[in-house]
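Right, I'll just put the structure down here and ask away after.
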Amino acid sequence: MAASPGGFTAQLNFKLGRRPGGYPMRNQLGLDLEVRKRRRLRVEATSDRVGTTRISCCCSDSVVSIRRSSGSGKSIEKSEDWRFDPKKSSHSHSHRVRVHASPALPFASPQSPFVSKKEKIYPRCTPRNSGPQSRDTPPRRDTGIANEKDWGISLLNENVIESGTNEDGSTWYRESGEDLGENGYRCRWTRMGGQSHDGSSEWKETWWEKSDWTGYKELGVEKSGRNAEGDSWWETWQENLHQDEWSNLARIERSAQKQAKSGTENAGWYEKWWEKYDAKGWTEKKAYKYGRLNEQSWWEKWGEQYDGRGSVLKWTDKWAETMLGTKWGDKWEDKFFAGIGSRQGETWHVTPGGERWSRTWGEEHFGNGKVHKYGKSTTGESWDIVVDEETYYEAEPHYGWADVVGDSSQLLSIEPRERPPGVYPNLDFGSSPPPPSDDSPEDLPPSR
């Protein structure tokens, strides 16, 4: 299918096959639906803030003059010249940036011992980088959970509120701060965004890191955007480190959610991924996917679980349907331990009139080179044989505890608040977050 005016390109490829020997091959349900930019959007957003300080910054190739006026009623003005090497400037021509700065605000919670300390806000005019770069790139399908280094999270060490206007009229803003709470809770965050001069395109992004005295650490990102054609997207990612309340083992969990919608046709997709790892090799991975392209919708769920001692469980369930009522799908499950286990699955199809066809199959692996294969279908097919065949399965995940620790250096380096002498963390194991749900988002149609 050709790219639509909204910038969506879609291909649908659904294949049903048979394995040698008469029993069915696991279906391959594939969709490549991506939101693609047709042109670079310079999207930034403005924020009209009220403050006691106003800074107008006019930057040239060699000199930046800043005139600062106080809001106290006194006629006090101060003029400064900032000089820099024009060869290092990111623009060879002059440009104008207006920055509105809000008054200092306490970012600490009311219970924080730092409330009385006056927080500082640093409005800026940096000729080489007047504002955050536009991050208007939509998420890509089937890319799983990114590593932290792919996000480039860089939190500021001070509270900042700033905004500006670019040459093309697009605007931007950036804010950062720190929230404090009980039990040593601390959340450092940065918010940024922008929009085009007419408001038809915009983007937003938030970074954060969290920690407390129990050893909990979290790193996260949330971003969203839309373009002039009405295409929109949303994505969130996070990873956390905590101590499991039952095993007392260190555990790292990662998750990601992604969604994109077309503004010109009935098309969109949603994905949710999550992974869990502990220090003894226990690993669990799951994904839920949904997509829609005009009259056709499809779903997919899959999971993997390794107990770290050789036991493995894997499963997949895929299905699709059209508005005319045709439905089809495929599912399978593997269970193995010490070379012994089973595989089973089903392929099915339903016509608009409600007529159902299905084929089920199974395998029993005895660990001695013998495999029992059996199956049947609604059309009368059947088989039940024992063959000489080696058993192969992956007893360990291809990406496990050592890998996730190696890719989580920024998470592990988060420094918690200093704990006063004699103060101990409140270990409330009952307050641990519930496991992630695999439900589809509310604005997308439910699964079968």
Side-chain angles (χ1 to χ4, degrees), residues 1-16 27-41 43 135-144 195-196 198-204 222-237 256-273 286-302 316-331 348-356 436-448:
M1 178 177 176
S4 69
F8 272 77
T9 301
Q11 287 183 335
L12 184 64
N13 180 23
F14 184 78
K15 298 179 181 179
L16 294 175
N27 296 0
Q28 297 175 355
L29 177 64
L31 177 91
D32 182 15
L33 177 60
E34 296 184 359
V35 185
R36 297 181 179 174
K37 297 183 296 180
R38 301 186 62 193
R39 60 182 178 275
R40 175 159 181 81
L41 302 177
V43 289
R135 301 168 69 93
D136 56 2
T137 305
R140 297 178 58 189
R141 291 193 68 252
D142 285 323
T143 52
Q195 68 178 17
S196 58
D198 60 359
S200 61
S201 302
E202 68 174 344
W203 66 276
K204 298 178 182 178
E222 182 175 3
K223 62 180 291 186
S224 61
R226 61 179 174 86
N227 60 23
E229 288 77 18
D231 302 333
S232 62
W233 53 89
W234 170 80
E235 182 175 7
T236 184
W237 169 94
Q257 295 185 70
K258 310 173 188 182
Q259 177 175 300
K261 298 180 183 179
S262 170
T264 58
E265 59 183 344
N266 185 23
W269 59 270
Y270 169 82
E271 295 178 354
K272 184 172 185 177
W273 305 71
K286 291 184 180 180
Y288 171 81
K289 307 176 186 179
Y290 165 79
R292 176 179 59 215
L293 179 61
N294 297 324
E295 73 281 356
Q296 183 164 312
S297 301
W298 60 94
W299 295 260
E300 178 181 356
K301 297 181 180 182
W302 64 261
T316 296
D317 191 2
K318 308 177 183 180
W319 66 100
E321 65 181 38
T322 67
M323 294 181 65
L324 297 178
T326 301
K327 302 179 181 180
W328 65 98
D330 171 68
K331 59 183 178 181
W348 57 273
H349 179 270
V350 178
T351 67
E355 182 180 356
R356 180 181 176 85
S437 169
D438 61 358
D439 294 336
S440 58
E442 295 181 357
D443 53 349
L444 297 178
S447 61
R448 58 172 181 166

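Residues take their numbers from the sequence shown, with the count starting at 1. These numbers come from the heavy atoms of this one structure, side chains and all, not from hydrogens, waters or symmetry mates.
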**OP:** Step by step, work out the side-chain contact (heavy atoms from CB on, under 4.5 Å) result for Trp234 and Lys204.
**Re:** CA-CA 9 Å; Trp234 170 80; Lys204 298 178 182 178; over 6 Å; no
Subject >> Heavy-atom closest pair, residues Met323 and Asn294 >> reply: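 Closest heavy-atom pair between Met323 and Asn294: SD-O, 4.3 Å.
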Original post:
What is the distance from atom NZ of Lys223 to atom OG1 of Thr236, rounded to the nearest 0.5 Å?
Top reply: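 It is 11.5 Å, given to the nearest 0.5 Å.
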Original post:
Of all residues at least two apart in sequence or in a different chain, which pass the side chain to side chain contact (heavy atoms under 4.5 Å, CB included) check with Ser200?
Top reply: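 Residues passing side chain to side chain contact (heavy atoms under 4.5 Å, CB included) with Ser200: Ser196, Asp198, Ala228.
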Subject >> Exercise: identify the closest heavy-atom pair between Gly199 and Arg226 >> reply: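 Looks like O-NH2, 2.9 Å.
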**OP:** Not counting sequence neighbours, which residues clear salt bridge (Lys or Arg N to Asp or Glu O under 4.0 Å) with Glu271? List them please.
**Re:**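 Once residues adjacent in sequence are excluded, the partners of Glu271 under the salt bridge (Lys or Arg N to Asp or Glu O under 4.0 Å) criterion are Arg141.
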**OP:** Measure across Leu324 and Pro352 and return the closest heavy-atom pair with its distance rounded to 0.1 Å.
**Re:**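 Heavy-atom minimum between the residues: O-CB, 3.4 Å.
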**OP:** Would you indicate whether the side-chain heavy atoms of Trp299 and Glu321 approach each other to under 4.5 Å?
**Re:**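 SC-SC contact between Glu321 and Trp299 confirmed.
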**OP:** Just jot down the salt bridge (Lys or Arg N to Asp or Glu O under 4.0 Å) partners of Lys286, sequence neighbours excluded, or say none.
**Re:**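 Here the qualifying residues are Glu284.
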Subject >> CD on Glu222 to CH2 on Trp237, rounded to 0.5 Å >> reply: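 With rounding to 0.5 Å, CH2 (Trp237) is 13.5 Å from CD (Glu222).
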Original post:
Parallel, tilted or perpendicular for Trp302 and Trp273, by the 30°/60° rule?
Top reply: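 Aromatic pair Trp302/Trp273 classed perpendicular.
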Original post:
Looking at side-chain heavy atoms only, is the closest gap between Leu293 and Trp298 below 4.5 Å?
Top reply: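 Of all side-chain heavy-atom pairs linking Trp298 with Leu293, at least one is under 4.5 Å.
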Subject >> Reported CG-to-OH distance for the pair Asp317 and Tyr288, which is rounded to 0.5 angstrom >> reply: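 Result: 10.5 Å between the selected atoms.
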Subject >> Gap between atom CH2 of Trp348 and atom CH2 of Trp328 - 0.5 Å precision >> reply: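 Trp328 atom CH2 to Trp348 atom CH2 measures 9.0 Å (nearest 0.5 Å).
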Subject >> Gap separating the NZ atom of Lys289 from the CH2 atom of Trp269, nearest 0.5 angstrom >> reply: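 Here the rounded value is 10.0 Å.
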Original post:
Does Gln257 have any side chain to side chain donor-acceptor pair (under 3.5 Å) partners at least two apart in sequence or in another chain, and if so, which?
Top reply: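 With sequence neighbours excluded, Gln257 shows a side chain to side chain donor-acceptor pair (under 3.5 Å) to Tyr270, given in chain and number order.
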**OP:** Could you grab the distance from atom OG of Ser201 to atom CD of Glu229, nearest 0.5 Å is fine?
**Re:**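 Between atom OG of Ser201 and atom CD of Glu229 there are 7.0 Å.
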Subject >> side chain to side chain contact (heavy atoms under 4.5 Å, CB included) partners of Thr143, counting only residues at least two apart >> reply: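 Partners of Thr143 by the side chain to side chain contact (heavy atoms under 4.5 Å, CB included) criterion, ordered by chain and then number, come out as Arg140, Lys258.
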